[in-house]
Protein chains: 2
Amino acid sequence: MVGDRKQQILDIAAELLQTRVFSAFSYQDIADRLGITKAAIHSHFRTKEALGNALLEQYLEKTVNLYSEAESAGDTAWDRFNAFVAGLVRSIIDENKTCPITLLQVEHNVIPESMQKGIRKILSMDKAWLTKILKQGRDEGEMFFWGTPEDQASLILATVQGALMAARAGSVEMLEKTMAQITKSMQAK
Amino acid sequence: MVGDRKQQILDIAAELLQTRVFSAFSYQDIADRLGITKAAIHSHFRTKEALGNALLEQYLEKTVNLYSEAESAGDTAWDRFNAFVAGLVRSIIDENKTCPITLLQVEHNVIPESMQKGIRKILSMDKAWLTKILKQGRDEGEMFFWGTPEDQASLILATVQGALMAARAGSVEMLEKTMAQITKSMQAK
DNA sequence: GTCTATAGCGGGATAGAC
DNA sequence: GTCTATCCCGCTATAGAC
């Protein structure tokens, strides 16, 4: 009847994932919000694994878009870095949400292998992109950190994910403070 | 028959929590490993919520012990800091495990309120303890960071949790590198 | 393509035997 | 205190109507 039911389902699933975890939402939850039976969801996504992979594809696309957006935000590494972090934080909106990739990473051992693969792909893209930016920042003489850009990228990704996650049990204010703290730590030597 | 069944159950539950997530293990999983029926578990922990709270009590105790251990490791802030971080990393052992508090924090919206309270308690203790150590380190002129010790404590906790979590989808080697990176970032100005 | 009815299984939890 | 048999519910998934 609607035609883009598939997208509606994806949108609701995305929200449920971000406010709970993958293991803790069901087809029933989605069906309830659409006023249909859970079996109807299976017409669009035969298994929950398929739904999960569709979500991951969507995140992959969003991630790539965020890189473009960050690179359009300015020419300096700092411009790009700040736009990237802001983009991640923006995806949270309220304190009950958190980064979907972080969530799925936590559930790594509990979800189907096809999904694990999708998660690792996005995580490695993030790391590669951030490494590139940090290298640029160091070359420009504007970013300061120890060791390789790659190690620093791991550090920052861990911090950002940890902070996005902590925002759930704590406050969003805290999140912004923590992000600011990362920035400061690289601003001067 | 055994007498310390309760502790056996707790130990298995702790391991299941760390390798999965709270939502994704069941009484059945525990019962299977003990060769009894899941109903028997209910004799020891009437609800899963009760089991979760018992786990949290155990973690609280371990956390307090880790503070003592860290403070016995030496008199300087660095001695204590390193012992603390090492203690957290030690609890991981293999790459399929992660920090239980991190896990429960992620599931904050999905677990009973009594457990949420326990989690927040441990998290705030960690933050308070680490803030104290960072203040000491700054006063000694040995630790360098921007802003308040409290903000830096948030940053470090987020990083550690993020890194412990990332170790699950990635490698433990990476974890150690990331930890080393945190340390380096505070060693010189 | 979109949906309902229903199966089949596994979840947490209770009653009650020992 | 320790356990089994059992209940009821919600889960994912299939069959088949429209």
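The shown structure was predicted, so the numbers you read here are calculated from the model rather than taken from an experiment. Letters A, B, ... are given to chains in the order of the sequence lines, protein chains preceding strands, and every chain is numbered from 1.
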Original post:
Roughly how many Å is it from CD1 in B:Ile36 to C1' in D:dT4, rounded to a whole number?
Top reply: 11 Å

Subject >> Closest nucleotide among C:dC3, D:dA5, D:dT2 to the B:Ala39 side chain >> reply: D:dA5

Subject >> Options D:dC3, D:dA13, C:dT4, nucleotide nearest the side-chain atoms of A:His42 >> reply: D:dA13

Original post:
B:Phe45 has an atom CZ; how far is it from atom P of D:dC3, in whole Å?
Top reply: 13 Å

**OP:** Side-chain contact test, heavy atoms from C-beta onward, threshold under 4.5 Å: evaluate it for A:Met179 versus A:Val160 and give yes or no.
**Re:** yes

**OP:** Would you indicate which nucleotide in C:dT4, C:dG11, D:dT4 comes nearest to any side-chain atom of B:Ser26?
**Re:** C:dG11

Original post:
Does the side chain of B:His44 get closer than 4.0 angstrom to OP1 or OP2 of D:dT2 through an N or O atom?
Top reply: yes

Subject >> A:Asp29 CG - D:dC11 C1' separation (whole Å) >> reply: 10 Å

**OP:** Send over the distance from B:Lys48 NZ to C:dT14 C1', rounded to a whole Å.
**Re:** 18 Å

Original post:
Between the side chains of B:Ser154 and A:Lys177, does any donor sit under 3.5 Å from an acceptor?
Top reply: no

Original post:
What nucleotide among C:dG12, D:dT4, C:dC3 has an atom nearest to a side-chain atom of B:Tyr27?
Top reply: C:dG12

**OP:** Just compare D:dA13, D:dA5, D:dT2 and give me whichever is closest to any side-chain atom of B:Arg5.
**Re:** D:dT2

Original post:
Between B:Phe25 and A:Ser43, which is nearer to the 5' end of DNA chain C once each is assigned its nearest nucleotide?
Top reply: A:Ser43

Original post:
Going by the angle between their ring planes, with limits at 30° and 60°, are B:His42 and B:Tyr27 parallel, tilted or perpendicular?
Top reply: tilted

Subject >> d(CD1, B:Ile111; C1', C:dG12) in whole Å >> reply: 17 Å

Original post:
Rounded to the Å, how far apart are B:Lys38 NZ and D:dA5 P?
Top reply: 13 Å

Original post:
Is the phosphate of D:dT12, meaning OP1 or OP2, less than 4.0 Å from a side-chain N or O of A:Arg46?
Top reply: no

Subject >> Nucleotide D:dG1, atom P - distance to CD of B:Gln7 in whole Å >> reply: 16 Å

Original post:
Do the side chain of B:Asn82 and the main chain of B:Trp78 share a donor and acceptor less than 3.5 angstrom apart?
Top reply: yes

Original post:
How many Å lie between CD on B:Gln28 and P on D:dG10, as a whole number?
Top reply: 19 Å

Original post:
A:Gln152 side chain to A:Gly147 main-chain N or O, any donor-acceptor pair under 3.5 Å?
Top reply: no

